[in-house]
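Below you'll find the structure, written out as structure tokens, and then a few comments.
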Amino acid sequence: MTFQKPSHTFTKIHLKALHTNSFHILFFLSFTVFVNTLGFAQDIPKTQTPILPKTEKDSMRVTIDVDSLLKPTANLKETDSIVQDTLPKKKEFLTDVVNYKALGYVTLNQKLKQTTLYDQAEVNYQDMAIKSGIIVIDHNKNLVYAGRLKDSAGVYSQAPTFKQGANLVEPDSIIFNTETKKALIFNSRTEQSGGYIIADITKKENDSVYFINRGKFTTSENEEDPEFYFLMRKAKIVPNKKVVTGLTNMYIYNVPTPIGLPFAYFPLTKKQTSGILFPSFGQDSRRGYNLQNGGYYFAISDYVDLAAYADYYTNGSYGFRTESSYAIRYKFRGNFGFRYENLINSERGFPDYSKSSIYNLRWSHSQDSKANPSSRFSASVNLGSSKYYQESVNQINASNFLNNTLSSSVSYAKSFTGEPQVNMSVTATHSQNTRTQQIDMTLPTFQGSVSRVFPFAPKVGTKKGLIDNINFQYNINAQNRISTNDSLFFKKEMFDDARIGLQQTIPLSTNFKVFKYFSVSANTNFEENWTLNTVRKYYDQEANEVLTEDLSGFDSFRTYNFSTSVGTTVYGMFNLDKKGKDTKIKAIRHIMRPSISYNINPSFDEYYDSFDYITANGDITRAEYSRFEESLYGAPNKSFSSSLGLSLGNNIEAKVRDRDSTKTEPKKIILLNNLNFSTSYNFAGDSLQWSPVRVSGGTQFFDNKMSVNFGMTLDPYALDNNNRRVDQYNITNGGSLFRMTSASMNLSYSLSSTSFSGKEEPDQRAIDESIRSGGRADDLFGKPQDFSDDRLGDEMDEKDEVASEFYNFSIPWSLRIAYAVNYSNNTRQNEISSNSLMFSGDVDLSPRWTVGVSSGYDFKNQGFTYTQLRFERDLMSWRMNFSWIPFSERSSWNFFIGIKSSLLKDIKYDKRREPDQRL
């Protein structure tokens, strides 16, 4: 008997009850066993119920009920008086509908007792799907065969695929025993947690255990011809859990290597799991042999993890660090890291023996803007030993090695909506100079403000005129400032010299227009300062010196000032597009913003005291001081000033003919983004009433790729023979109108081959690492290198266009240049104080070869600055890089080769030569 179904249609499995033909029931049960036990990594459903429709044969109606097949007792009802029959208890098989189809045919051979599904055969049940060229069920031997089709030319097609859930197995053929539920799988290929397992013969023991013979394990994406693999002679596989093997060794392009183990364990999981972080082995001429970056990874939850690393050196040096990341979607994310190294150089008893302890703490936290619009918490912390980035042996961060400042900030801000709005914030800050080892901290800073209040503004309409625009606000700032150094950091002595103060300000201002084109603003500011730190100075006749006594207790002072300014904007247009002539430059527009300001700062003599003391010549002299001069916000102003300020801002733009002939409007370019002049004249001064003229400017070129900024200071007064400023104009002293005392220029330029195509692909990972540590956002000082295991990350993204594996006709490249020059002439030295050029570039010699360099040249000292050479080779599944610092006190090199996949990133070779010891 043959069951034939139309092609490309899914049909529910059913039976036609021909009286009580037991063979059909046997066939149905065998087929459902096959469908439900062919899974590779899933449990067989315990309860399955077939759907059996009613059928009719001649004049006898026979109804086969599901319970009659599956329950201990069931009735087989007939239309005549036949006694109800009973069936033995059957195990339930189906819990859902089974669908199948075949493009060719579906047949049942009763003589051979075989069922055949031919050409694009498919069987689907719940989340399980089997596809194959042919599926044959042998009911005598309880075997199921799924295999490929072979055409007349001997070419195989339609290889079997089995998918259940997210698991997919692609063999050449399958033999499955429906009774023992075991299977033989030939030439299977399956993906497990980022790794691929290719096996000649696989034996399925049960739903969760497989045994393979001469299998290959690789992370290469080329399954047909992987560039490397581990040959496993015998192995046991638990899908999505582990692979345990006997003797195994690595093959590279089918060539065996001596890299092997008598047994191996490969974890397979798609979930975040805890596990051991294998260390790397090395040797250091100063500290002996070492184990680095070994530790344990804790998968605490889906929201936070923790990695703990440790280093050990045979001379007694050691180090440890922790790295943790956390994130809750739409709320916040961040990372935390702490590093400590106890370093011993040489051997005890030798003259070059030294011992030091260094540490570094980093914390970054950012809140999602959607979490709470009225409050925000953020943190950016980078603090620790001043010499950490100079002495650490487990990372090289050139940006921080050459940067003299570490800074931190942790803040919480809250806004209270209403009219007026109230804002407050609490901030803890830290600033550390790694050269002087000076540390300044505020623990904490409280800031509060009330938004501007317009008491005379109309309730409806706009504010116009002097009275309507009168406004005031309230600001408060309170600080606990600490100044200390590395040796006292985190000790109670660091709080001994803490300064505490509070400052309240109430600015009152207004603005209005006069003569239609002039904007006038007037401001007055009242300020009150509270402090707990004051001083008293007196002369000690016995010691013959001036002594300062620190006083603690509440004290305060109040100040006020007044200022006003008048400004306007003048536009000038120079039309160069003459009639009958098509010029490239159509017009030049000049924008000037002149401004005049007047400031009055009264004298507050009441906050000053005086005392008499005897000089070395025996003369009695009176000295004045303020008891607030060492307070948090300093002493109030003692001298009266009445000054007039002058400033002029300029912007120059040009309209040029666009290169695109289809555009009718000219293109606007900036010639000078800004050119500013400023000076002031003090009416209350007895001498040197003019302040130096300050000039600053900047512009961009080449579609804003090049940025140029410059500045200078011009002094109208002359110098005496001792190079001191005197109340005499330089022009009357035989000089020019102004004397240039200082000047500077900074130029930065960034260009790459992708600039012309509009595609920019910066190394964001290196940028983030540098910024997190307080370094530069570019790689002009070199790219940071962290020798811990997480430095590789996941596999690199494939490049958009790969013309050849060995030659790239486009040769991508990038170039970054920064030039800085400073001139000093305060005391007639007339010298270039600094003059240096920094550059960094990368060139892709081929799609997989990259060469880079970061260096510079100091024209003043005539020598190259900190230099780093980089060579990187993308070996598809592997990565190799070599970095070299050829000279400087950090002269060193590092070579690395390893697998990019996080699954096998412990398989690597890392060799370093550390910087030479400086005596």
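- Two residues are said to be in side-chain contact when any heavy atoms from C-beta on lie closer than 4.5 Å; Val410 and Val381 meet this criterion.
- Few gaps surround CZ on Phe887; more than 12 heavy atoms of other groups in view lie less than 6.0 Å from it.
- Under a 3.5 Å cut-off, the side chain of Asp858 and the backbone N or O of Thr865 do not form any donor-acceptor pair.
- Results of the side-chain hydrogen bond (donor to acceptor under 3.5 Å, both in side chains) test with Arg287 over Asn345, Asn315, Thr314 single out Asn345 as the only residue that passes.
- Of all the heavy atoms in Glu323 and Gly337, the pair that sits closest is OE1-CA, 3.8 Å.
- Taking the side chain as every heavy atom from C-beta outward, Tyr823 and Asn830 approach each other to under 4.5 Å.
- Annotation for Arg333: atom CZ does not count as buried by contact number, only 12 or fewer foreign heavy atoms lying within 6.0 Å.
- Judged purely by distance below 3.5 Å, without hydrogens or angles, the side chains of Ser814 and Arg816 pair a donor atom with an acceptor atom.
- Each of Val851, Asp842, Val853 was evaluated against Arg870; a single residue qualifies, Asp842, per the side chain to side chain contact (heavy atoms under 4.5 Å, CB included) test.
- Heavy atoms from other residues, nucleotides or ligands lying under 6.0 Å from NZ of Lys860 number more than 12.
- Using cut-offs of 30° and 60° on the angle between ring planes, the pair Phe859 and Tyr819 is perpendicular.
- Atom CD1 of Ile585 has 12 or fewer heavy atoms from other residues, nucleotides or ligands within 6.0 Å.
- The environment of CG in Asp497 is sparse: at most 12 heavy-atom neighbours from other residues, nucleotides or ligands sit within 6.0 Å.
- Around CZ of Arg435, the count of heavy atoms belonging to other residues, nucleotides or ligands within 6.0 Å does not exceed 12.
- Around atom CD of Gln862, no more than 12 heavy atoms belonging to other residues, nucleotides or ligands sit under 6.0 Å away.
- From Tyr340, atom OH reaches atom CG of Asn342 across 4.5 Å, with rounding to the nearest 0.5 Å.
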Between Phe336 and Phe338, is the ring pair (Phe, Tyr, Trp, His ring centres under 6.0 Å) condition met? List the steps. CA-CA 7 Å; Phe336 175 85; Phe338 177 76; 7.5 Å; no

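- From Ile439, atom CD1 reaches atom CE of Met494 across 7.0 Å, with rounding to the nearest 0.5 Å.
- One finds the OG atom of Ser840 at 10.0 Å from the CD1 atom of Ile817 (value rounded to the nearest 0.5 Å).
- Between Phe228 and Trp878, the ring planes are perpendicular. Angles over 60° get that label, and only those under 30° would be called parallel.
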